[in-house]
Protein chains: 2
Amino acid sequence: MPGIDDVARLAGVSTATVSRALSGNGPVSDRTRARVVQAASQLGYVVSSDASSLASGRTRNIGAVVPHLSRWFFTSVIEGAERVLLGQGYDLTLYNLSGDGGERRRVFDHHLLRNRVDAVFTVSLELAEEEVGRLLALGKPVVGVGGPLPGVSTLTIDDLAVARLATEHLISLGHRRIAHIGGSQEFDLDFHIPTSRRLGYEQALRDAGLPVDEQLHRASDFTLPGGYDAAKQMLGSPHERPTAIFAASDEMAIGAILAARDLGLSVPRDVSIIGIDDHPLADFFGLSTVAQHPGRQGEQAAALLLDALQAARTSPGRARAEPLSHTAPADLIVRSSTAVHP
Amino acid sequence: MPGIDDVARLAGVSTATVSRALSGNGPVSDRTRARVVQAASQLGYVVSSDASSLASGRTRNIGAVVPHLSRWFFTSVIEGAERVLLGQGYDLTLYNLSGDGGERRRVFDHHLLRNRVDAVFTVSLELAEEEVGRLLALGKPVVGVGGPLPGVSTLTIDDLAVARLATEHLISLGHRRIAHIGGSQEFDLDFHIPTSRRLGYEQALRDAGLPVDEQLHRASDFTLPGGYDAAKQMLGSPHERPTAIFAASDEMAIGAILAARDLGLSVPRDVSIIGIDDHPLADFFGLSTVAQHPGRQGEQAAALLLDALQAARTSPGRARAEPLSHTAPADLIVRSSTAVHP
DNA sequence: GTGAAAGCGCTAACAT
DNA sequence: ATGTTAGCGCTTTCAC
């Protein structure tokens, strides 16, 4: 492994100049830079990140804290973030909190503290106040994606508005008995999201002068089987069957579609179904939905963090920026699972 | 941020002793260790990973190189690996090669070279010879999970045997017209896996004295919609319809189940279907399958790497270990999608 | 625009 | 078992 002084020797300059030429920090003449770059690539020189980090205080690494890896939303956010990070020469270190809970303590007490990352983003995480405190105590840029996080800059769709939109779509099609399959705290690390979506659903009903019927709400777990079970209960009832279902996630909505089929109901003739997400399978099932774009959210989160790091370099004097709430776009996609109420 | 000498001062010992006490490398009396640990926790001291890495040459970080994040298998492997790594104080840095291909070059030419990781595992990756070369040139432990990688230690199920097992299950139920939905090179970064599975299928047929019929093979893309399309073509044929389908992945098998339903065929009465994976949705769909356990594969991969690192510390003289092929266990799980041929 | 040199915060000989 | 000290390979003042 060639070192910086090998490059310096070959290029006939000092190590300081090599560092400046390769990092872009500090003035170097074009001729010199060219020589250095040439020498570096000739030797196959790549800077040692440890040495560079130690000397500069910057790691060029971003931490991503997620509750699971097994859900489409989380992984899409990470993929999006990594797209922009890799492009900027940053690495992404993953802290997955699934598991017994020992993970959780270790990550917050140890891993995040040892200066391995310049900034952190979390995905759909419901953090204890103490954990938020630890995160902020790092003194590093932090962004929370998908769900509000008190005291932290966040990036998320407006869950309430999105739920309203989905519900209003059904109302506008003439539906009056509209059921909701949501989430519940017991199933999820994050309970703000299901709550906001439920509130949006109820608001839409009230604004349309429709009653909010407890019988038409089921709490589930955001999975396909969960949506199936919930829908089957509601659709199986011989009386007062809903004519439309709004599920808080596409996976639950797909479960609902399968439940309807198993009950001999046709979608959308007998029942309209809409979800939230625009999951990859939504198209296959003809599912109407409100798309959120987790990949883009990840990209945007990464961009926010890189900007903050840049700002910190430019004006180190500035106090830490105020936490900001960024709203990610979401759009209604109408497919074949929703239609007018006959 | 307190440093090691703050701890040393408070504990009344030298920095070397602090280092030894906290890392466990080198002898420290129990009394001293207790004092140091107490001082460290009192100050909230956490070692700076950069400084430690630079001085020791060890990063306590493992690199994971994956082709996508959006597939259940990959994320499960990573989750498994991270379970054991976090427990050992290791971080996991993720290199996701999805994207335009620029990623791919950058990762191999730059990110992996800058000494940020002690070891690397790859998941289901079909690497160019040059990329394998680069990986090995790191001089670090490398393990390939899910798919053979020439010159690299690997951990994978025996795809051929697994495919045979699935096919033999169908044969033992009296099926004689057994179709196969596989993968194809054009859809996948990795083409060994679909090929091995197809060969296993054909072997099982031949060994049972059954003909291998080109009409009964469809190449697809390992997704649910892909499996649906492939199955619909084969099952829709009015003549010579297969009585059983072996799909190379559960997602394709689930697509096949849905295709059968849409054609008015009952599973398993009219057609038996089996997959490979034991995907989380397999149970919901009653899908018979051959389970591989990607989480455990990830755990085992991590353990292999940690062992190799340990071995390298113990006997640094030893030449790099020979590449070893480890076979991960896989077991037939019979659910309700397969039954005797009437 | 470039070079000299002082660290960055640890670890690992080596000495005691 | 513990302390002293010389780096690890860079970046960044500070001179020039």
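Chain identifiers are assigned alphabetically (A, B, ...) following the order of the sequence lines, protein sequences preceding nucleic acid strands; residue numbering begins at 1 within each chain. What you are looking at is a predicted structure, and each value in this text was computed from that prediction instead of being measured. Only heavy atoms go into these numbers, but all of them, side chains included; no hydrogens, no water, no symmetry mates.
Interatomic distance, NE2 of His192(B) versus CD of Glu126(B), reported as 4.5 Å (0.5 Å rounding). The structure places CH2 of Trp72(A) at 13.5 Å from CG of Leu69(B), a figure rounded to the nearest 0.5 Å. To the nearest 0.5 angstrom, Gln297(B) atom CD is 6.5 Å from Thr156(B) atom OG1. Rounded to the nearest 0.5 Å, atoms NE2 (His110(B)) and CZ (Arg105(B)) are 12.5 Å apart. A distance of 9.0 Å separates CD of Glu82(A) from CG of Leu97(B), quoted to the nearest 0.5 Å.
Annotation: Arg296(A), atom CZ; neighbour count of heavy atoms from other residues, nucleotides and ligands within 6.0 Å does not exceed 12.
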Show me the side-chain donor-acceptor pairs of residues 1-14 of chain B shorter than 3.5 Å, one per line, residues at least two apart or across chains.
from, atom 1, to, atom 2, distance (Å)
Asp6(B), OD1, Arg9(B), NH1, 3.4
Asp6(B), OD2, Gly3(B), N, 2.7
Ser14(B), OG, Ala16(B), N, 3.4
Ser14(B), OG, Thr17(B), N, 3.3
Ser14(B), OG, Thr17(B), OG1, 3.2

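For the segment residues 13-34 of chain A, the set of residues with a heavy atom within less than 4.0 Å of an atom of DNA chain D comprises Ala16(A), Ser19(A), Arg20(A), Asn25(A), in numerical order. A heavy atom lying under 4.0 Å from DNA chain D marks the following residues of residues 49-60 of chain B, by number: Leu54(B), Ala55(B). Residues from residues 37-47 of chain A placing a heavy atom under 4.0 Å of any atom in DNA chain D, listed by number, are Tyr45(A), Val47(A).
Side-chain N or O atoms of Ser53(B) include one that pairs as donor or acceptor with a backbone N or O of Arg58(B) at under 3.5 Å. Distance alone, capped at 3.5 Å, is enough to place a donor-acceptor pair between the Ser153(A) side chain and the Leu324(A) backbone. With Thr154(B) contributing its side chain and Val145(B) its backbone, the two residues share no donor-acceptor pair below 3.5 Å.
For the helix from dG1(C)-dC16(D) to dT16(C)-dA1(D), the angle separating the two terminal helix axes comes to 30°, with each axis derived from five pairs and the value rounded to 10°.
Computed from coordinates, the Asp5(B) CG to dT2(D) P distance equals 19 Å when rounded to whole Å. Rounded to whole Å, the distance from CG on Asn115(B) to P on dC10(D) is 9 Å. A straight line from CZ of Arg35(B) to P of dA1(D) spans 15 Å, rounded to a whole angstrom.
When DNA chain C is scanned 5' to 3' for any atom under 4.0 Å from a heavy atom of chain A, the first and last hits are dG1(C) to dG9(C).
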request  = Please test Arg83(B) against Glu79(B) for salt bridge (charged side-chain N to carboxylate O under 4.0 Å, His left out), starting from the C-alpha separation and ending with a verdict.
outcome  = CA-CA 6 Å; Arg83(B) 267 197 298 277; Glu79(B) 281 201 308; 5.3 Å; no
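Side-chain N/O atoms of Asp50(B) and Ser48(B) include no donor and acceptor closer than 3.5 Å.
Shown are Val132(A), Val77(A), Leu135(A); of these, the side-chain contact (heavy atoms from CB on, under 4.5 Å) with Thr122(A) is made only by Leu135(A). Under the side-chain hydrogen bond (donor to acceptor under 3.5 Å, both in side chains) test applied with Asn61(A), the options Asn115(A), Thr93(A), Asp118(A), Asp91(A) reduce to a single match, Thr93(A).
Closest of all the heavy-atom pairs between Ser52(A) and Val47(A) is CB-CG2, 3.8 Å.
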